[in-house]
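Along the sequence shown, residues carry numbers from 1. Computed from a predicted model, the values in this text were never measured in an experiment. What's counted below: heavy atoms across the whole structure, side chains too, no hydrogens, waters or symmetry copies.
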Amino acid sequence: MRFGFFTGGLIGFVVGAISAPIIYEQVNVNGNFPLKDIIYGAIQPSDRTKWPNADDTLNALFEYQKWEVAAQSTANKASVDDCVTLQNNTFGCDITLKLAWLEKQTQISATFQLIEDKWKIINIQKNLP
């Protein structure tokens, strides 16, 4: 019984590995189902003019972390290093922060969404102190 299961799995793997490139080329030649666009076009670099700027980034960060806006001083700095478009008006961005109460710069990755002409952070990949 084990031998039959593994043999079936091996045959399925070989058939899939041989047929996938052939099917891929045929479908892309006909233009009915652009697999390449789906695979490689899901995450695209975005135009820098569409990214949140430094002030928007700090405002969104303070709002997301529920920090007091009064604590936001001119010593706090944010730099948006890179962003990719995830969906319409949603960007994943790498940000370098220098916050007044931290000695070192901190790097985070955040997901921004533009809601009613205001940038909001909907997720942060690195927790801040």
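Contact annotation: the side chain of Q65 approaches that of I124 to within less than 4.5 Å [non-hydrogen atoms, C-beta and beyond]. For the pair D56 and V80, the minimum side-chain heavy-atom distance is 4.5 Å or more. Two residues are said to be in side-chain contact when any heavy atoms from C-beta on lie closer than 4.5 Å; F112 and T57 meet this criterion.
Applying the side chain to side chain contact (heavy atoms under 4.5 Å, CB included) criterion to K77, with sequence neighbours excluded, gives K98. In this view, N89 and L114 satisfy the side chain to side chain contact (heavy atoms under 4.5 Å, CB included) rule, not counting sequence neighbours. Every residue two or more places apart in sequence or in another chain that forms a side chain to side chain contact (heavy atoms under 4.5 Å, CB included) with T111 is listed here: L86, T90, I122, N123, Q125.
Counting only residues at least two apart or on different chains, the salt bridge (Lys or Arg N to Asp or Glu O under 4.0 Å) pairs with a member in residues 108-124 are E63-K118, E63-K120.
In terms of modelled atom types and a separation under 3.5 Å, the side chain of N76 and the main chain of L99 share no donor-acceptor contact.
Under the 4.5 Å side-chain heavy-atom criterion for grouping Ile, Leu, Val, Met, Phe, Trp and Tyr, W67 is connected to I95 within one hydrophobic cluster.
Note that CG of L58 is 10.5 Å distant from OG of S79, once rounded to the nearest 0.5 Å.
Residue W119 comes nearest to A60 through the heavy atom pair O-CB, 3.6 Å, listed as atom of the first residue, atom of the second, then distance. In this structure, P52 and C93 approach most closely via the heavy-atom pair CD-SG, 4.2 Å. In this structure, T106 and L102 approach most closely via the heavy-atom pair OG1-CD1, 3.5 Å.
Clustering of Ile, Leu, Val, Met, Phe, Trp and Tyr by side-chain heavy atoms under 4.5 Å joins V15 with I11.
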